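Here's the structure we're looking at; comments come further down.
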Amino acid sequence: MRFILSSMLIAAFSILSACQTGGTVAGNEGGTEPVNEQEGYEMQKAVNRCHRTGGSRVVKIRGELKCY
């Protein structure tokens, strides 16, 4: 019984962690999604700067992150 329960917990944790790596950036609804973890980190910094200056989303255009 413990083996089944621990296996289910490991499977659930694996699924949740896989969902976290390549998803949307918090606060960037309607903007571009990152393609990998490094771009997600850079996009999160750009979103934070964008919100401070009055923008609502970050979009990647020709390799540059633009605030709108």
Side-chain angles (χ1 to χ4, degrees):
M1 183 72 165
R2 284 186 187 178
F3 177 75
I4 294 171
L5 183 59
S6 63
S7 297
M8 290 173 54
L9 288 173
I10 291 171
F13 178 77
S14 299
I15 291 169
L16 290 174
S17 63
C19 293
Q20 292 290 332
T21 57
T24 60
V25 175
N28 197 34
E29 290 75 21
T32 304
E33 293 186 13
V35 293
N36 57 33
E37 191 173 327
Q38 179 62 32
E39 187 174 277
Y41 176 72
E42 295 297 323
M43 191 166 287
Q44 186 64 57
K45 289 189 338 186
V47 167
N48 292 338
R49 280 192 309 267
C50 186
H51 285 298
R52 279 196 304 257
T53 60
S56 62
R57 62 191 163 101
V58 173
V59 179
K60 186 175 182 180
I61 301 174
R62 294 185 183 174
E64 288 188 47
L65 298 174
K66 305 269 186 178
C67 175
Y68 292 99

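In what follows, every heavy atom counts, from backbone to side chain, and hydrogens, waters and symmetry copies are set aside. Every value quoted in this text rests on a predicted model; they were computed, and no experiment measured them.
Nearest heavy atom pair, residue Ser56 against residue His51, reads O-CE1, 3.6 Å. Nearest heavy-atom pair, Asn28 versus Val58, reported as atom, atom and distance to 0.1 Å: OD1-N, 2.6 Å. Smallest separation of non-hydrogen atoms from Val25 and Gly40: CG2-O, 4.2 Å. Taking each heavy atom of Cys67 and Thr53 in turn, the nearest pair found is SG-OG1, 4.2 Å.
Once rounded to the nearest 0.5 Å, the distance linking NZ of Lys66 with OG1 of Thr32 reads 12.0 Å. Atom CG of Leu65 sits about 6.5 Å away from atom CD of Glu39, to the nearest 0.5 Å.
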